[in-house]
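All remarks here apply to the structure that follows.
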Amino acid sequence: MASNKQEVSDKVKVVVRCRPFNQKEKMMCHKQVVMVDEIRGTITVNKLENPHEPPKTFTFDTVFGPDSKQLDVYNLTARPIINSVLEGYNGTIFAYGQTGTGKTFTMEGVRAVPELRGIIPNSFAHVFGHIAKAEGDTRFLVRVSYLEIYNEEVRDLLGKDQMQRLEVKERPDVGVYIKDLSGYVVNNADDMDRIMTMGHKNRSVGATNMNEHSSRSHAIFTITIECSEKGVDGNQHVRMGKLHLVDLAGSERQGKTGATGQRLKEATKINLSLSTLGNVISALVDGKSTHVPYRNSKLTRLLQDSLGGNSKTMMCANIGPADYNYDETISTLRYANRAKNIKNKARINEDPKDALLRQFQKEIEELKKKLEEGEEEVISTSVVLARAS
């Protein structure tokens with residue numbers, strides 16, 4: 001019975017968000033081809049240049065129209081995953097879509113304006129709000145790390161040496177990890193926000209025709225939450241949840257972005273890792289594949305547990321409403337439609353061997369013991385001295 005409670009088989013949750021028209025699209029009088037039905041959970045796309053072609057309709061767990069609010073997106077999609085991570089599950093939230101469809105807005109938003117904050121800052125507040133309400137002997141330790149995959153190389157966005165390239169390793173007990181990736185212990189949401197801002201300044205962004213501040217790298221912000229509490233047996237039990245918050249680089253056709261030189265090289269690497277992600281999704285879904293090509297890109301290797309493994313995963317596919325993006329919109333929706341059939345097996349990570357919290361508690365106990373022993377030594381020495389005098 002206990003094992004059923006421990007392991008939960010659930011599909012990757014897929015939501016779609018359609019952004020409003022931007023100024024450029026309004027000026028160029030582009031027409032709307034995307035219809036969002038939030039009640040039925042459907043996205044319908046019309047091909048205006050071919051009115052005889054029937055519209056294509058896709059159904060998802062949740063869909064958000066152009067007027068959707070950041071907090072609604074958070075509460076309906078990310079909140080359940082953060083709650084699971086606080087219980088000791090692994091969780092992954094990632095945004096996917098064409099350049100300029102609002103992935104970074106969905107994940108980060110405008111952090112200085114409370115109602116425009118995205119999933120990441122809202123999750124910070126959620127985590128520490130939960131910790132503040134914890135009762136009794138419950139102890140928490142929260143750590144963060146931040147990396148980017150740029151041109152198929154892994155960089156530590158919080159590291160001292162921004163030129164250093166890190167290696168992706170694998171161990172049977174911990175799975176896939178990044179060697180020498182720095183981690184910071186954080187005590188509140190402001191700490192987390194400050195560290196993220198520091199890492200964000202080191203991210204690789206560049207202008208393309210689609211978006212002036214296009215993310216040219218995949219970024220993964222990881223929050224590790226260790227929790228120690230007294231069980232019914234009177235002993236302290238540690239559980240550890242890991243949350244990956246992933247902002248993928250934009251999927252795009254090179255001709256459309258006007259990419260040349262360095263931008264073209266970046267786009268080629270971005271499209272390589274995104275197509276590998278697509279191949280991984282297809283292999284997991286079709287039921288016939290004996291091999292899943294996780295190792296074909298750094299991105300899929302790092303997200304191995306998030307797709308078909310020990311994680312509760314949510315993908316937010318972002319699309320634009322305008323006719324000139326018809327092909328990319330259909331491509332994104334097909335990609336997302338496949339992903340919703342991936343089955344994960346999430347389980348609570350109880351008593352993990354590498355939990356730092358247990359190590360810290362042990363060190364504190366040893367220090368207390370030494371202090372007590374030291375006090376006894378001081379007392380016995382003073383007694384001996386008193387007798388001698």
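Side-chain atoms of Thr313 come within 3.5 Å of backbone N or O of Ser306 as a donor-acceptor pair. Within the 3.5 Å criterion, the main-chain N or O of Asn22 finds a donor-acceptor partner in the side chain of Glu25. Within the 3.5 Å criterion, the main-chain N or O of Ile39 finds a donor-acceptor partner in the side chain of Asp37. Side-chain atoms of Asn318 come within 3.5 Å of backbone atoms of Cys316 as a donor-acceptor pair (strictly under, hydrogens ignored). Without hydrogens or angle criteria, Asp61 side chain to Val14 main chain gives a donor-acceptor distance under 3.5 Å. With hydrogens and angles disregarded, a donor-acceptor distance shorter than 3.5 Å links the side chain of Asn188 to the backbone of Asp191. Put simply, the side chain of Glu152 never gets that close to the backbone of Ser297: no donor and acceptor are under 3.5 Å apart. Lys340 places a side-chain N or O within 3.5 Å of a backbone atom of Thr59 that can act as its donor or acceptor partner. Listed for the Asn151 side chain is no donor-acceptor partner under 3.5 Å among the backbone atoms of Glu153. The main-chain N or O of Asp193 is found under 3.5 Å from a side-chain atom of Thr197 such that the two form a donor-acceptor pair.
Taking CZ of Phe221 as the start and CD1 of Ile120 as the end, the distance is 7.5 Å to the nearest 0.5 Å. The distance from the NZ atom of Lys298 to the NE2 atom of His218 is 11.5 Å, given to the nearest 0.5 Å. Considering CG of Leu157 and CD1 of Ile220, their distance stands at 10.5 Å, rounded to 0.5 Å. A distance of 9.0 Å separates CD of Gln236 from SG of Cys227, quoted to the nearest 0.5 Å.
Judged by distance alone, the side chains of Arg17 and Thr106 do bring a donor and an acceptor atom under 3.5 Å apart. When only modelled atom types and interatomic distance are considered, Thr332 and Thr329 share no side-chain donor-acceptor pair under 3.5 Å. One side chain, Asn349 or Asn90, offers a donor N or O that lies under 3.5 Å from an acceptor on the other. Side-chain polar atoms of Gln164 and Asp156 form no donor-acceptor pair below 3.5 angstrom. Defined by atom type and a distance below 3.5 Å, a donor-acceptor pair is present between the side-chain atoms of Thr57 and Thr44. Under the 3.5 Å distance criterion, with hydrogens and angles disregarded, a donor-acceptor pair is assigned to the side chains of Asn83 and His126. Side-chain contact check for Tyr326 and Glu49: no donor-acceptor pair (N or O, by modelled atom type) lies under 3.5 Å. Side-chain contact, Asn344 with Ser311: no donor N or O sits under 3.5 Å from an acceptor N or O.
Not less than 6.0 angstrom separates the ring centroid of Phe128 from the ring centroid of Phe140.
With Val176 as reference, Glu170 is the one residue of Lys169, Glu170, Arg171 to meet the side-chain contact (heavy atoms from CB on, under 4.5 Å) rule.
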- Message: Does Ile149 form a side chain to side chain contact (heavy atoms under 4.5 Å, CB included) with Leu302? I'd like the steps, not just the answer.
- Response: CA-CA 10 Å; Ile149 304 166; Leu302 290 177; 3.9 Å; yes
- Message: Quick one, Thr92 with Leu243, criterion side chain to side chain contact (heavy atoms under 4.5 Å, CB included). Give me CA distance, side-chain angles, the key distance, then yes/no.
- Response: CA-CA 6 Å; Thr92 302; Leu243 175 66; over 6 Å; no
- Task: Apply salt bridge (charged side-chain N to carboxylate O under 4.0 Å, His left out) to the pair Asp10 and Lys312, showing each step before the final yes or no.
- Result: CA-CA 7 Å; Asp10 53 358; Lys312 287 174 175 278; 3.3 Å; yes
- Task: Any chance you could lay out the side chain to side chain contact (heavy atoms under 4.5 Å, CB included) test for Arg143 and Ile223, step after step, and finish with the verdict?
- Result: CA-CA 6 Å; Arg143 285 176 288 147; Ile223 306 171; over 6 Å; no
- Message: Applying side chain to side chain contact (heavy atoms under 4.5 Å, CB included) to Asn341 and Val12, what does each step give before you reach the verdict?
- Response: CA-CA 7 Å; Asn341 294 309; Val12 168; over 6 Å; no
- Message: salt bridge (charged side-chain N to carboxylate O under 4.0 Å, His left out) for Lys69 and Asp72? Distances and angles first, verdict last.
- Response: CA-CA 5 Å; Lys69 303 278 185 289; Asp72 291 343; over 6 Å; no
- For side-chain hydrogen bond (donor to acceptor under 3.5 Å, both in side chains), just list the numbers for Gln162 and Arg155, CA-CA rounded to whole Å, side-chain angles, deciding distance to a tenth of an Å, and then say yes or no. CA-CA 7 Å; Gln162 283 301 302; Arg155 289 199 318 147; 3.2 Å; yes
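The 12-atom threshold is not exceeded at CZ of Arg40, counting heavy atoms of other residues, nucleotides or ligands nearer than 6.0 Å. Annotation: Arg295, atom CZ; neighbour count of heavy atoms from other residues, nucleotides and ligands within 6.0 Å does not exceed 12.
Annotation: cation-pi pair Lys103/Tyr96 absent, no NZ/CZ under 6.0 Å from the ring centroid and within 45° of its normal.
Grouping the Ile, Leu, Val, Met, Phe, Trp and Tyr side chains by contacts below 4.5 angstrom, directly or via other members, places Val285 with Phe94. With hydrophobic clusters built from ILVMFWY side chains whose heavy atoms lie under 4.5 angstrom apart, Val36 does not share a cluster with Phe21. Cluster membership check: Met107 does not share its hydrophobic cluster with Val110, using side-chain heavy-atom separations under 4.5 Å among Ile, Leu, Val, Met, Phe, Trp and Tyr. Linking ILVMFWY side-chain heavy atoms closer than 4.5 Å, directly or via other members, places Ile131 and Tyr184 in a single hydrophobic cluster. Leu76 and Leu116 are assigned to two separate hydrophobic clusters, defined by single-linkage of ILVMFWY side chains at heavy-atom distances under 4.5 Å.
A salt bridge does not link Lys370 to Glu363: none of the charged side-chain nitrogens sits closer than 4.0 Å to a carboxylate oxygen. Here Arg347 does not pair with Glu350 in a salt bridge; the nearest charged N to carboxylate O distance is not below 4.0 Å. Salt bridge Asp323/Lys31: absent, no basic N to carboxylate O contact under 4.0 Å.
A heavy-atom distance below 4.5 Å is found between the side chains of Leu284 and Val292. Between Ile225 and Leu86 the shortest side-chain heavy-atom distance falls below 4.5 Å.
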